[in-house]
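We use all heavy atoms of the structure for the numbers below, so side chains are in, but hydrogens, waters and symmetry mates are not.
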Amino acid sequence: MREIKFRAWDKDGSGMFSWQKLLIYPSLIHELLTDKETAFVLMQYTGLHDKNDKEIYEGDIVKTQFMGKWLISAVTWKDYAWTLKDGKGELHDMIVYDAFHGGGEVIGDKWENPELLEKK
């Protein structure tokens with residue numbers, strides 16, 4: 001059975017709230033779920049871990065091999081699966097599960113480390 005977890009990024013600069021911290025602050029969860037103008041971005045856990053056993057969340061920036069080349073991209077939901085989107089906004093024909101079979105690694109996230117998606 002897949003774990004359902006979330007984390008939240010505070011757009012106002014307080015940083016990332018882990019799912020454990022969200023459980024401590026029920027008022028924050030209420031705000032995330034009901035306020036359309038919330039200052040938080042909610043991200044879902046994919047149910048997968050990288051090669052270092054780190055949990056992979058929506059918005060994480062990952063380094064994986066794709067068709068023999070190293071690819072740096074962000075985890076995103078597309079239609080029916082977790083996929084990878086590079087810094088140019090292009091989706092790659094690869095689901096996150098396949099990417100991490102080859103030993104992919106979380107190297108940051110698109111809010112705290114946006115510059116990682118700009119690098120080539």
Seminar exercise, completed: Hits for side chain to side chain donor-acceptor pair (under 3.5 Å) against Asp10, two or more places apart or cross-chain, chain-then-number order -> Ser14

For this session: Test side chain to side chain contact (heavy atoms under 4.5 Å, CB included) on Ile107 and Asn113 and set out the steps.
Result: CA-CA 9 Å; Ile107 59 172; Asn113 316 101; over 6 Å; no

Problem set entry | side chain to side chain donor-acceptor pair (under 3.5 Å) partners for Glu55, two or more places apart | Lys5, Tyr57

For this session: With sequence neighbours excluded, tell me which residues meet side-chain contact (heavy atoms from CB on, under 4.5 Å) with Lys54.
Result: Asp50, Val106

For this session: List the steps and the verdict of side chain to side chain contact (heavy atoms under 4.5 Å, CB included) for Ser73 and Val62.
Result: CA-CA 6 Å; Ser73 50; Val62 297; 4.1 Å; yes

Problem set entry | Spatial distance of atom CG (Leu84) from atom OG1 (Thr76) [nearest 0.5 Å] | 9.5 Å

Problem set entry | Check: Phe17 and Trp9 side chains under 4.5 Å, non-hydrogen atoms | no

Exercise. What residues, two or more places apart in sequence or in another chain, satisfy side chain to side chain donor-acceptor pair (under 3.5 Å) together with Glu105?
Worked result: Asn52

Exercise. Roughly how far, to the nearest 0.5 Å, is NZ of Lys110 from CD1 of Ile61?
Worked result: 9.0 Å

For this session: Please name all residues satisfying side-chain contact (heavy atoms from CB on, under 4.5 Å) with Trp77, sequence neighbours left out, ordered by chain then number.
Result: Trp82

Seminar exercise, completed: Here the gap from Tyr45 atom OH to Met43 atom CE, rounded to the nearest 0.5 Å, amounts to 15.0 Å

Problem set entry | Note, Glu58 side chain near Asp109 side chain (heavy atom, < 4.5 Å) | no

Problem set entry | Partner residues of Asp53 under the side-chain contact (heavy atoms from CB on, under 4.5 Å) criterion, sequence neighbours left out | His49

Problem set entry | Side-chain donor or acceptor of Thr46 paired with backbone N/O of Ile56 under 3.5 Å | yes

Exercise. Mind checking whether Leu117 and Asp86 have side chains closer than 4.5 Å, heavy atoms only?
Worked result: no

Seminar exercise, completed: Closest heavy-atom pair, Trp111 versus Gly59, reported as atoms and distance to 0.1 Å, is CZ3-CA, 3.6 Å

Exercise. Is the closest side-chain heavy-atom distance between Lys11 and Val41 below 4.5 Å?
Worked result: yes

